*Asks:* 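First the structure, which I've put down as structure tokens, then a few questions once you've had a look.
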Amino acid sequence: MTAAPAQATNLSYLGVALDAHRAVLTANASASATTLTVNDTTSWSGTGFVTIYDTTSGGTATETIAYSAASGGSITCSATANAHTAGCLVVQTASAAAPTAYIPVKTFEPFDNLTLLDDTGYRGSEVGIFGSVAGVIHSEYSTSGDVFPESIGYFLGAMLGDYAVTGGSAPYSHVFNIKNNAGNYGGGQPESLTVVDYSALTGATSNKARAYPGSVVSELTITWSSEALLTWSAKLTGWPSGVIAKPTSSWTGVSAPTPAWSGVTSIGGSPKLYVASGELQLKRDVKVLHTVDGVQGPYGIWLGPLAVTGKMTFIAADETELLRYLNATNPSLSVNFETGTGGSLVGLDIALQTVSYRNTKTMRGQTYTTIETDFTALGNTTNVGSSGGYGLCTITAKNSISSSTYQ
């Protein structure tokens, strides 16, 4: 007997697609069904493709089919290959559920979080667990990589929700703020992503991939250090994964990663040359909503209010940054990472109108003195988009993409 060889990690890749339109089956669909009954198809295009994400048999019942009409709560489609129960997520996708963009990443951590319900009833024996049945399920996905201005917007959009693109020619500015009004998915909720993970493990001949639909970002961290690349990490939560056809990846249009030394930092409106490193963390509490509705997957994924924190290290010649903390001056903070010129300029700009320094310390663990501080962004009416209200930060991705791609 010969053991099967392992799969090469370097052959893995990750793609994403915006879930601009999605719905939920509100009635069972039999095999060969040509009509899907869903909760809503408002703003859907008249024709296209839908992917029905079905957790049956580990997601292998998932399928993509063409549709010819979508109106109210009905989708007219090609005959389904499988039967699907009410509650399955239905997403308007490309053919074969292919991603619209591929993102160079350094880590993949997919997880279908299945709750197992143990039978622990006493049976007159010194045994603790007598059986286990499947409970509810949702997906979690953690990933990280270097910042590419063309792709970071997908994660910003799926967390913040308020999005606008400006510019008559490249570079176009894709501006992200917290969403403060009701939308397709509820008040303050962004449109979600489908994350497609190809690992070469799925399918009899490695011809399949796993897709994690309905995913929103609950944590996004951007990190910079003068001697390294600008990096990011993200945590997403969504519906259970489904098995789709292996997509053909494309890496055209991907710019060079961003060196962190290119960043220009301003504090209190004045440029500062002594920032050695920094980190910005955006976080929203995420709740997976389950109901007693005959469906193992979620009823919804809900993001709570936004919190923005961070930290910076300064090469210190005096107490300027310490005094901001001691005097609670709450300055503005901006860090702009831009490379190239003219139409070839790309970048990521971070703006926080008001930050509160926290736990600021003078450090002498090296041969030169540094000051380290945490900070917390404070609500203001400057870091806002079209949805108004109060915000904490405005993040702008600059690239050659002209269309409203990320929300």
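Everything numeric in this text was worked out from a predicted model, so none of it was measured.
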*Asks:* For Val24 and Val90, what are the C-alpha separation, side-chain angles and deciding distance, and is it a side chain to side chain contact (heavy atoms under 4.5 Å, CB included)?
*Replies:* CA-CA 6 Å; Val24 175; Val90 180; over 6 Å; no
*Asks:* What I'd like to find out is whether the side chain of Cys88 reaches to under 4.5 Å of the side chain of Asp54, using heavy atoms alone.
*Replies:*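 The answer is yes, as the side chains (C-beta and beyond) meet within the 4.5 Å cut-off.
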*Asks:* Any side-chain donor paired with an acceptor under 3.5 Å for Thr221 and Glu279?
*Replies:*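 Absent: no donor and acceptor within the cut-off.
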*Asks:* Would you check if the side chain of His21 reaches a backbone N or O of Ser43 as a donor-acceptor pair within less than 3.5 Å?
*Replies:*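 Yes.
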*Asks:* May I ask you to check whether Asp19 and Thr194 show a side-chain donor-acceptor distance below 3.5 Å?
*Replies:* yes
*Asks:* Which pair of non-hydrogen atoms, one from Thr369 and one from Thr362, has the smallest distance, and what is that distance?
*Replies:*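 Heavy atoms of Thr369 and Thr362 come nearest at CG2-CG2, 3.7 Å.
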*Asks:* Taking atom types as modelled, is there a side-chain donor on Asn177 or Thr394 under 3.5 Å from an acceptor on the other?
*Replies:* yes
*Asks:* Flag the pair Tyr13 / Tyr198 as yes when their ring centroid distance falls below 6.0 Å, and as no otherwise.
*Replies:*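 So the answer is yes for these two rings.
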*Asks:* Between Glu191 and Tyr406, is there a side-chain donor-acceptor contact under 3.5 Å, judged purely by atom types and distance?
*Replies:* no
*Asks:* Side chains of Asp197 and Tyr141: any donor to acceptor distance under 3.5 Å?
*Replies:* yes
*Asks:* Any chance CZ of Phe111 has more than 12 other-residue heavy atoms, nucleotides or ligands included, within less than 6.0 Å?
*Replies:*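 Enclosed.
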*Asks:* Looking only at atom types and distance, does a side-chain atom of Thr107 sit under 3.5 Å from a main-chain N or O of Ser144, one as donor and one as acceptor?
*Replies:*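 Yes, the answer is positive, given that a donor and an acceptor are paired below the 3.5 Å cut-off.
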*Asks:* Judged by atom type as modelled, is there a donor-acceptor pair below 3.5 Å linking the side chain of Tyr299 to the main-chain atoms of Val292?
*Replies:* no
*Asks:* If only side-chain N and O atoms count, and only distance matters, is there a donor-acceptor pair under 3.5 Å linking Arg358 with Ser356?
*Replies:*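 Yes - a donor-acceptor pair under 3.5 Å links their side chains.
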*Asks:* What is the minimum heavy-atom distance between Val295 and Ala86, and which atoms define it?
*Replies:* CG2-O, 3.1 Å
*Asks:* Looking only at heavy atoms, which two atoms of Pro247 and Val196 are closest? And how far apart?
*Replies:*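 Shortest heavy-atom separation between Pro247 and Val196 comes out as CG-CG1, 3.9 Å.
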*Asks:* Rounded to the nearest 0.5 Å, what separates atom CZ in Phe49 from atom SG in Cys77?
*Replies:*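 Result: 12.0 Å between the selected atoms.
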*Asks:* Below 6.0 angstrom between ring centroids: does that apply to Phe155 and Trp232?
*Replies:* yes
*Asks:* So, the side chain of Arg210 versus the backbone of Gly242: is there a donor-acceptor pair under 3.5 Å, distance only?
*Replies:*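 No; zero donor-acceptor contacts below 3.5 Å.
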*Asks:* If you measure only the distance, is there a donor-acceptor pair under 3.5 Å linking the side chains of Asn327 and Thr329?
*Replies:*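 Side-chain D/A pair, Asn327 to Thr329: absent.
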*Asks:* To check you understand the geometry: which heavy-atom pair defines the closest contact between Pro213 and Leu89, and what is its length?
*Replies:*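 Heavy atoms of Pro213 and Leu89 come nearest at CB-CD2, 3.8 Å.
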*Asks:* Between Ser45 and Tyr67, is any side-chain donor less than 3.5 angstrom from a side-chain acceptor?
*Replies:* yes
*Asks:* Shortest non-hydrogen contact from Phe375 to Lys311?
*Replies:*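 Looks like CE2-N, 3.3 Å.
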*Asks:* At what distance, to the nearest 0.5 angstrom, does OG1 of Thr360 lie from CG of Leu326?
*Replies:*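 Atom-to-atom, Thr360:OG1 and Leu326:CG are 7.5 Å apart.
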*Asks:* Counting only N and O atoms by type, is there a donor-acceptor contact under 3.5 Å from the side chain of Asn380 to the main-chain atoms of Leu378?
*Replies:* yes
*Asks:* Closest approach of Ser404 and Val165, non-hydrogen atoms and distance?
*Replies:*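 Closest heavy-atom pair between Ser404 and Val165: OG-CG1, 3.3 Å.
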*Asks:* Side-chain contact, heavy-atom cut-off 4.5 Å: Ser206 with Lys246?
*Replies:*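 No, side chains not in contact.
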*Asks:* To the nearest 0.5 Å, what is the distance between OG1 on Thr376 and OH on Tyr357?
*Replies:* 12.0 Å
*Asks:* We want to know whether Thr51 and Thr64 form a side-chain donor-acceptor pair, criterion being a heavy-atom distance below 3.5 angstrom.
*Replies:* yes
*Asks:* Is it true that the side chains of Asn82 and Thr80 contain a donor and an acceptor less than 3.5 Å apart?
*Replies:* no
*Asks:* So how far is it from Met159 CE to Ile178 CD1, rounded to the nearest 0.5 Å?
*Replies:*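 The CD1 atom of Ile178 is 7.5 Å from CE of Met159, to the nearest 0.5 Å.
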*Asks:* Checking Tyr163 against His174: is there a side-chain donor and acceptor pair closer than 3.5 Å?
*Replies:*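 Their side chains do contain a donor-acceptor pair, which is all the 3.5 Å distance test asks for.
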*Asks:* Are Lys283 and Glu219 ion-paired here, with the side-chain N under 4.0 Å from a carboxylate O?
*Replies:*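 Looking at Glu219 together with Lys283, the answer is yes, because their closest N to O distance falls below 4.0 Å.
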*Asks:* Do any N or O atoms from the side chain of Lys179 and from the backbone of Pro190 form a donor-acceptor pair under 3.5 angstrom?
*Replies:* no
*Asks:* Apply side chain to side chain contact (heavy atoms under 4.5 Å, CB included) to residues Val50 and Trp44 and explain how you reach the verdict.
*Replies:* CA-CA 11 Å; Val50 292; Trp44 283 47; 3.4 Å; yes
*Asks:* Under 6.0 Å from the CD atom of Glu319, do we count more than 12 heavy atoms belonging to anything else shown?
*Replies:* no
*Asks:* Just by distance, no angles: are the side chains of Asp162 and Ser387 close enough, under 3.5 Å, to form a donor-acceptor pair?
*Replies:*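 Ser387 and Asp162 do have a side-chain donor-acceptor pair below 3.5 Å.
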*Asks:* Is there a donor in the side chain of Glu63 and an acceptor in the side chain of His84, or the other way round, less than 3.5 Å apart?
*Replies:* yes
*Asks:* Within the supplied structure, the quantity of interest is the number of heavy atoms (other residues, nucleotides, ligands) at a distance under 6.0 Å from Leu289 CG; does it exceed 12?
*Replies:* yes
*Asks:* Could you verify whether a donor N or O on one side chain and an acceptor N or O on the other, from Thr231 and Asp146, lie under 3.5 Å apart?
*Replies:* no
*Asks:* Please report the interatomic distance CG(Leu236) to CD(Glu109), rounded to the nearest 0.5 Å.
*Replies:* 12.0 Å
*Asks:* Compute whether any side-chain donor of one residue and acceptor of the other, for Ser277 and Ser225, lie under 3.5 angstrom apart.
*Replies:*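 Checked: Ser277/Ser225 side chains show no N/O donor-acceptor pair below 3.5 Å.
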*Asks:* Does either side chain, that of Ser132 or that of Asp118, offer a donor lying less than 3.5 Å from an acceptor on the other one?
*Replies:* yes
*Asks:* Do Thr26 and Thr37 have a side chain donor and acceptor closer than 3.5 Å?
*Replies:* no
*Asks:* Do side-chain atoms of Ser199 reach the backbone of Leu201 as a donor and acceptor pair under 3.5 angstrom?
*Replies:* yes
*Asks:* Verify salt bridge (Lys or Arg N to Asp or Glu O under 4.0 Å) between Glu140 and Lys235, making sure each step is shown before the conclusion.
*Replies:* CA-CA 7 Å; Glu140 299 171 10; Lys235 294 182 179 180; over 6 Å; no
